[in-house]
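Both counts, for ligands and for their atoms, begin at 1 and track the order of listing. Quick note: numbers below take in every heavy atom, side chains included, and nothing from hydrogens, waters or symmetry partners. Index from 1, following the sequence.
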Amino acid sequence: MRDAFCLFIDAKGTHVNISDDQLQIIVQQVVKRIMDGESVTIPSSASNARGDWGVFDDMSDAIVAAQQAFEQYQRFDIQDRKRFTDTVRHMTLDYKEEFSRMAVEQTKMGRVAHKIAKHVNVAKHASGVEFLQPQSWSGKNGLAIEEYAPWGVIGNISPSTHPSPTMLENIITQLSGGNTIVFNPHPVAKRLNAYVIQRCNQCITKAGGPANLVTCVAEPTLESAELMFRHPTIALLSVTGGPAVVEAAMKHQKPVIAAGPGNPPVLVDETADLALAAKEITTSASFDNNILCIAEKEIFVVESVFNQFMQEMEKQGNHKLIASQMDQLANKALELKGKHWLIGRDYVGRNANVLSQTLGIRLSEAVPLLFGETDAAHPWVVAEQMTPCIPVVRVRNFEDGIEKCVKAEHHFEHTASVFTRDMSCATAFTKALKTDVLVINGGTLRGNGGDSGEAYFSHTIASPTGQGITHPRDFCKRRRIMVAGAMRFV
Ligand code: NAD
């Protein structure tokens, strides 16, 4: 909750607005002055050095507050961590509609119903303290035990594509690991992200936790990100975003967990259940208008079943574009910058009917995807385009398909999928693609666990730094204690 402001008249007779926090400081200082005659410094009305439920004007203040919170948080035990993260899970469910509406309003990307589902997945399936089981060894030399210890304050960068789910999932996972967190959110979602931080601190303190376990800067910029990267108090960086932020974070001499870009290819072979493939790909790639890094971005289909697959895609309610329309949309939406094709911000995560309007085609808002044939070198294939427009490429055979998938994936080693009834082909595909997430005969979203898959769920899939789908152990240090010649009871 924002502080209530009251009107105050200073020594020069000027009217100034001050908050409850500032009033408290003034009262404390006046009392001190009466006691020992020291001078009084009234904080400027614009200053927010004590933060507003974790939201600070200044990145340095946000970091100091998270460091002070870490010192207090260390006094709590693992059951307390579970209690605090459970309260964040409950709050996420309570606020899922509001957070989702705010995300669409502020970022103009995706669909509210799908964003609600993402919040539910985070609340129910983000990994927690259960991942921190200690391990022990007991033998003639004594007892050794390894535990997962926090790093301290983690500096986090969150993306525009899932601003609140990523932030909430990072909070649950990293607080479970005993850390506190500073965020430099994406500027486009800064108001939503500040609101999320405030709600988190409110529910955690209500549950008996310390203030400022999570903090952020109200006006995130590249400079505030850089300050966070360099700050000596920040022990570990956790960044989620495109190649630029991954590169920027990795320049620093500190450990980084980097959840970078993906460009997931799908291969459909002649043995596949084509109706299933079309249904699964449609559900997964159209989810939140394809802004998930893990969602299918291009499809390769073996020539002998290509036409049949295209018909199945139409049966799913998708709209087929002819080749010249795919080119036309690419000319509008994609731009070659240096060696890389980049998608224009105004096209990312828009509904399929909004994209089709730019071609003069009127469609219903319910149409999940646009799709059309292109070649393998087409910008729609090469770019991580994050739109509900999917290129479909004809390949000669399975081997040709694997080769083209590897190329389209750019060695991000993030996510890929294959539809085949031949398990030796599926095996060959998994060996060639080497991705952190690989799905056989299902939509790629199923690979991230949660309600449509198995295992835990995370919006932070750290391919560049090798953690894959992250959980609390990834945000901890392993520490071993050895008690020599003692403490054994067998
Ligand atoms: P983005 O790269 O534009 O921004 C991500 C964050 O990085 C933002 O907070 C932004 O302010 C910051 N940033 C960007 N350049 C920076 C720099 N040079 N220095 C410091 N900070 C910088 O990405 P986005 O559009 O918000 O998100 C989409 C991208 O994120 C896609 O590439 C997607 O694949 C990726 N992503 C990956 C995962 C994953 O789990 N691997 C999850 C979500 C998103």
Side-chain angles (χ1 to χ4, degrees), residues 59 103 106-110 115 118 121-122 126 155-170 173 182-190 192-194 216-217 219-231 234 237-252 256-264 287-297 337 340-349 383-387 409-410 412-415 435-437 444-445 447-450 457-471 474:
M59 175 53 89
Q106 291 177 27
T107 68
K108 314 273 183 283
M109 296 180 214
K115 291 192 186 295
K118 291 203 261 190
N121 251 338
V122 167
N156 258 274
I157 297 271
S158 52
S160 60
T161 43
H162 340 285
S164 41
T166 306
M167 182 174 254
L168 287 157
E169 177 255 312
N170 286 158
T173 309
V182 180
F183 280 93
N184 195 69
H186 196 292
V188 81
K190 64 186 178 193
L192 165 60
N193 280 141
C216 75
V217 66
E219 295 294 337
T221 59
L222 290 183
E223 289 70 35
S224 57
E226 194 57 30
L227 197 157
M228 185 182 81
F229 291 160
R230 276 190 281 108
H231 202 287
I234 300 291
L237 298 173
S238 164
V239 304
T240 304
V245 68
V246 171
E247 198 185 317
M250 283 180 149
K251 275 194 207 133
H252 297 270
V256 182
I257 310 273
N263 197 35
F287 185 78
D288 216 15
N289 292 337
N290 205 351
I291 52 177
L292 285 91
C293 55
I294 195 172
E296 297 85 350
K297 298 289 184 291
K337 283 208 173 142
H340 302 290
W341 283 100
L342 298 180
I343 182 81
R345 276 268 162 206
D346 292 345
Y347 292 83
V348 175
E384 187 199 17
Q385 35 89 2
M386 294 183 286
T387 74
E409 215 273 327
H410 304 304
F412 290 142
E413 300 185 353
H414 192 298
T415 297
T435 49
D436 287 340
V437 182
T444 49
L445 263 53
N448 195 11
F457 173 88
S458 168
H459 271 304
T460 304
I461 302 171
S463 306
T465 46
Q467 290 76 18
I469 302 179
T470 52
H471 53 57
D474 297 317

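Given atom 8 (C) of ligand 1, the protein heavy atom at minimum distance is His186 CD2, 3.3 Å. Counting only heavy atoms of the protein, atom 23 (O) of ligand 1 lies nearest to Gly242 N, 3.7 Å. The protein non-hydrogen atom at the shortest distance from atom 34 (O) of ligand 1 is Glu384 OE2, 2.5 Å. Nearest protein neighbour of atom 36 (N) of ligand 1, counting heavy atoms only, is Cys293 CB, 3.9 Å. Ranking the protein heavy atoms by distance from atom 22 (C) of ligand 1 puts Val245 CG2, 3.4 Å first. Scanning the protein heavy atoms around atom 43 (C) of ligand 1, the nearest turns out to be Thr240 CG2, 3.4 Å. Nearest non-hydrogen protein atom to atom 16 (C) of ligand 1 is Leu222 CD2, 3.5 Å. Protein heavy atom at the shortest distance from atom 18 (N) of ligand 1 is Ala248 CB, 3.8 Å.
Listed here is the closest heavy atom pair of Glu413 and Ser463: O-OG, 3.4 Å. Of all heavy-atom pairs between Ala225 and Ile157, the closest is CB-CD1, 3.9 Å.
Contact analysis puts His414 in contact with ligand 1, with a non-hydrogen atom separation below 4.0 angstrom. Heavy-atom separations between Arg345 and ligand 1 include at least one value shorter than 4.0 Å. A heavy-atom separation below 4.0 Å is not found between Glu226 and ligand 1.
Between Phe183 and Asn193 there is no side-chain heavy-atom pair separated by less than 4.5 Å. Residues Tyr347 and Gln385 fail the side-chain proximity criterion, which asks for heavy atoms closer than 4.5 Å. The shortest distance between side-chain heavy atoms of Leu168 and His459 does not fall below 4.5 Å. Inter-residue side-chain proximity for Val437 and Ile469 is flagged as met; some heavy-atom pair is nearer than 4.5 Å. Using a 4.5 Å cut-off on side-chain heavy atoms (C-beta onward), Leu292 and Thr161 make no contact. Put simply, the side chain of Phe229 does not reach to within 4.5 Å of the side chain of Asn184, judged on heavy atoms. Ser158 has its side chain out of reach of Pro163: every pair of non-hydrogen atoms, C-beta onward, lies at least 4.5 Å apart. Contact check for Lys297 versus Met386: side-chain heavy atoms found under the 4.5 Å cut-off.
If you look at His162 next to ligand 1, the close heavy atoms, those under 4.0 Å, all belong to the side chain.
The ligand atoms of ligand 1 that sit less than 4.0 angstrom from a heavy atom of Ser158 are 6 (C), 8 (C), 9 (O). Atoms of ligand 1 lying under 4.0 Å from any heavy atom of Ile157, numbered from 1 in the order shown and given with element: 6 (C), 7 (O), 8 (C), 9 (O), 12 (C). Taking every non-hydrogen atom of Gly262 and a distance limit under 4.0 Å, the qualifying atoms of ligand 1 come out as 34 (O). With ligand atoms numbered from 1 in the order given, ligand 1 contributes 24 (P), 25 (O), 26 (O) to contacts under 4.0 Å with heavy atoms of Ser160. Applying the 4.0 Å criterion to heavy atoms of Pro159 picks out, from ligand 1, the atoms 26 (O), 27 (O). Near Thr161, meaning under 4.0 Å from one of its heavy atoms, ligand 1 places the atoms 27 (O), 28 (C), 44 (C). Interface of Ala225 with ligand 1, defined as ligand atoms under 4.0 Å from a residue heavy atom, comprises 20 (C), 21 (N). If you number the atoms of ligand 1 from 1 as listed, the ones under 4.0 Å from a heavy atom of Pro185 come out as 9 (O).
Glu219 and Lys190 are joined by a salt bridge, as a carboxylate oxygen and a charged side-chain nitrogen come within less than 4.0 angstrom of each other.
Side-chain atoms of Ser458 and Thr470 form a donor-acceptor pair, as typed in the model, at a separation below 3.5 Å.
In terms of N/O distances under 3.5 Å, ligand 1 is not approached by Pro243. Considering backbone and side-chain N/O of Pro187, none are found under 3.5 Å from N/O of ligand 1. By the 3.5 Å distance cut-off applied to N or O atoms, His459 is counted among the residues near ligand 1. For ligand 1, the polar-atom distance check finds an N/O of Ile461 within less than 3.5 Å of one of the ligand's N/O atoms.
The closest non-hydrogen atom to atom 37 (C) of ligand 1, taken over Gly260, Pro261, Ala249, Pro464, comes from Gly260.
Without hydrogens or angle criteria, Thr240 side chain to Pro159 main chain gives no donor-acceptor distance under 3.5 Å.
Atom CG of Asn121 sits about 12.0 Å away from atom NE2 of His162, to the nearest 0.5 Å.
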*asked:* Between His252 and Glu226, does the side-chain hydrogen bond (donor to acceptor under 3.5 Å, both in side chains) criterion hold? Intermediate values first, please.
replied: CA-CA 10 Å; His252 297 270; Glu226 194 57 30; 3.2 Å; yes
